[in-house]
Amino acid sequence: MSTISIQHLTKIYGRSAAVDDVCIEIPKGSVFGLLGPNGAGKTTTFKCILGLARPSSGTTLIDGAPLVPAVFERLAYVPERSVLYEWMTAGEHMEAQRRSFKRYDPARATELFALFNLDARKRVRAMSKGMQTALAIVLAFASRPEILVLDEPTSGLDPVNQRAVLKLIIDAAAQGATVVLSSHQIGQVERAAEHIAILQDGKVVLNGAVDDLKYQRKIVEGIFESDAFSVNGFERDARISRVEKTGRILRLTVSDGSDGLAAGLVSQGAQSVRIVDLNLEDIFLNAVAPSQSTADVVEAS
Amino acid sequence: MYYVEYLRALRALRVVAILLGILLALVVVMRLWLAAVHAESPDAWVTQMAQSSTAVVRTQRLSDGTVKTTIDDKAQRTHADIYDRGYAGKRLVITAPSSQLDMHFKHPLMIGSLHVVKSDANGMTTVVVDTNGGENIGDLFIVSLPFALIVATILGGALAKENDGHLEIAWTRPVSRAVYAVTAMSVDIAALAATEVLAVVVFVIAQAFFQMPRYGITTQGFQALLVALLVPAAWYALVTACSASFKRGLGAVIGLLWPAAILLPVFAAVRYGDSMTARTVSGLLRAVDTLNPLIYLPGMGPDGVTNGLSGLGLLGTSSLWASILVLIALTAAYSAAAIVQWWGVEA
């Protein structure tokens, strides 16, 4: 059963659709990565899930039912930018949280405070961006929520604290929490997320389990004796999403399994063939900006 | 649950406490100055007068229980009538040559229940001293209003402050938006009442530096108290309603509301002539002015005594109960308008 179900969600601001007919199912107890370039509609999607923005059409369901305020007792949200009260201290934020949520765990909060080396007496306005993000993370995790919606949760954090947040996410999921996160640190998403959806211009361009996506997507490279070889046939193969010819190298980006392609290249005269696994960043770039997806390769002629 | 609102109210009360502290310090300075000016108390002066060898002192009890003491000293040309009403205070009427009295009563004084009034005629001075007269507690609440209005202005626009970058916190608590808004506004309105109570306590302390008044409350005083509590609440609700859907610009709303609320009664009271247009403009201004919480304050009417509502000819002069009802209605209506707008806001 899905913890969060987004059905045909559309959100229009003025004349443009920030989110356009998005359908995503977020399985219970999983870590779900919502990826996309800036302005793709990730934050708007989160806001619609949480009732902070009203969908123009479509529905979002939490555990199969429309959102009600009581859900927030077991749901925590870390927004992309700091929404903390700059005139309040970290300690006062924790106290506000304690009074608002029955599930708030003071011992857990103290532990997390120490983890991020936060000062309870410090006012938010005197904190760095990273400290503000850390405080938001502490506030979110101190209630041991069942659902975590994290929009850029490592923004501004140093690598040590980024790793700490990643561990918190993985641990929370291991204990049964459902985590939805967006991040430009695709490596972190790859490490934590089991499922991803990639948004571009408000639409879902890719959606699925990370392992499946990585299994299906490969680069098959063939090196020929000279650059006078034919690419005929490859363009017509539905599994191949991109064909690049660079001198003696033919590079095929495959999106639906690579069985038989290596043999095909050899039969075309390739001297050597290698199959390269794609990482999530490659998959992401292939989905949103194919021309930049192989930037390490000499420009195709 | 509403800790943030509580902290915000506490910060505003801190501003009031600082202002009241300054006021109290000024009162202490004034008391010290008066101690120098009125080195001798009226009682002491009268006792001294009675001890003169040429003074004739007579005491009688009046039918209402008041003890009247008359001191007559023809040689010194002094005369004093002292009416001792027990807990209800004393009245001293002293007549003496100006050369004797002026040095003791240089300045008239009216602080709390201590009233000293001086008049001169033909080289003689008459000083009337009233002590421990009744002090209406409702009047103190009216005097405390400026402080409550300051706090109402500071706390006003509570929802706009949340709109300005904090909705993600406010709206991800396990309460509905309406409950959140009502409770946040209730906390602020309670802070307004607390401000007035704090100010009244400081006023009582300030009066005690001079003389402890005999506090009481009449029906009119109770009405004044209610008006004093409701005007800041209605003003707060008005500021909140005018800014509830704004993400920014709360300062501009407040900056426009204050001059409008002050000038509108002035324009509404002006007679523009007898033409249809003039009467329409006048009627329109009067109608709009009824939405202005400040006109329901006693003394805001054109005669300086009645409130603006009676001044506008909309109700009789004894309209404090009507004002109270209107203020309750305005507070409720503005609060409802604020909540309705807040429903439409998006993060």
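Reminder, nothing fancy here: chain letters follow the sequence lines and each chain counts from 1.
- Side-chain contact between A:E86 and B:H166: present, with at least one pair of heavy atoms (C-beta onward) separated by less than 4.5 Å.
- Of the two parts of A:Y13, only the side chain, counted from C-beta on, holds a non-hydrogen atom closer than 4.5 Å to a non-hydrogen atom of chain B.
- Residue B:Y6 qualifies as open at atom OH: its count of foreign heavy atoms under 6.0 Å is 12 or below.
- The 12-atom threshold is not exceeded at NZ of A:K167, counting heavy atoms of other residues, nucleotides or ligands nearer than 6.0 Å.
- Two residues are said to be in side-chain contact when any heavy atoms from C-beta on lie closer than 4.5 Å; B:L7 and A:W87 meet this criterion.
- Of the listed residues (A:K102, A:R74, A:R81, A:H93), the one with the most heavy-atom contacts under 4.5 Å to chain B is A:R81.
- A 4.5 Å side-chain heavy-atom check between A:Y85 and B:E162 finds at least one atom pair inside the cut-off.
- Here the closest non-hydrogen pair linking B:I169 and A:L84 is CD1-CA, 3.8 Å.
- Between B:E346 and A:R54 the shortest side-chain heavy-atom distance falls below 4.5 Å.
- Within a 6.0 Å radius of CZ in B:R31, other residues, nucleotides and ligands contribute more than 12 heavy atoms.
- For A:R98, no part lies near chain B; criterion is any non-hydrogen pair under 4.5 Å.
- There is no contact between B:V179 and chain A, counting heavy-atom distances below 4.5 Å.
- Taking each heavy atom of B:L167 and A:L52 in turn, the nearest pair found is O-CD2, 4.0 Å.
- Contact between B:E168 and A:P79 at its shortest, heavy atoms only, is CB-CG, 3.8 Å.
- Heavy-atom neighbours of A:K203 NZ from other residues, nucleotides or ligands within 6.0 Å: at or below the threshold of 12.
- Residues A:E92 and B:Y3 approach most closely at O-CE2, 3.4 Å, considering heavy atoms.
- Annotation for B:T172 and A:F101: closest pair O-CZ, 3.5 Å, computed over non-hydrogen atoms.
- Between B:R173 and A:F72, the closest side-chain pair of non-hydrogen atoms is not below 4.5 Å.
- Contacts of A:Q97 with chain B are absent, with no heavy-atom separation under 4.5 Å from either backbone or side chain.
- Atom CZ of A:R163 has 12 or fewer heavy atoms from other residues, nucleotides or ligands within 6.0 Å.
- At a threshold of 4.5 Å between non-hydrogen side-chain atoms, the residues B:P174 and A:P69 do not count as touching.
- If you measure heavy-atom distances from B:R8 to chain A, the contacts under 4.5 Å come from both the backbone and the side chain.
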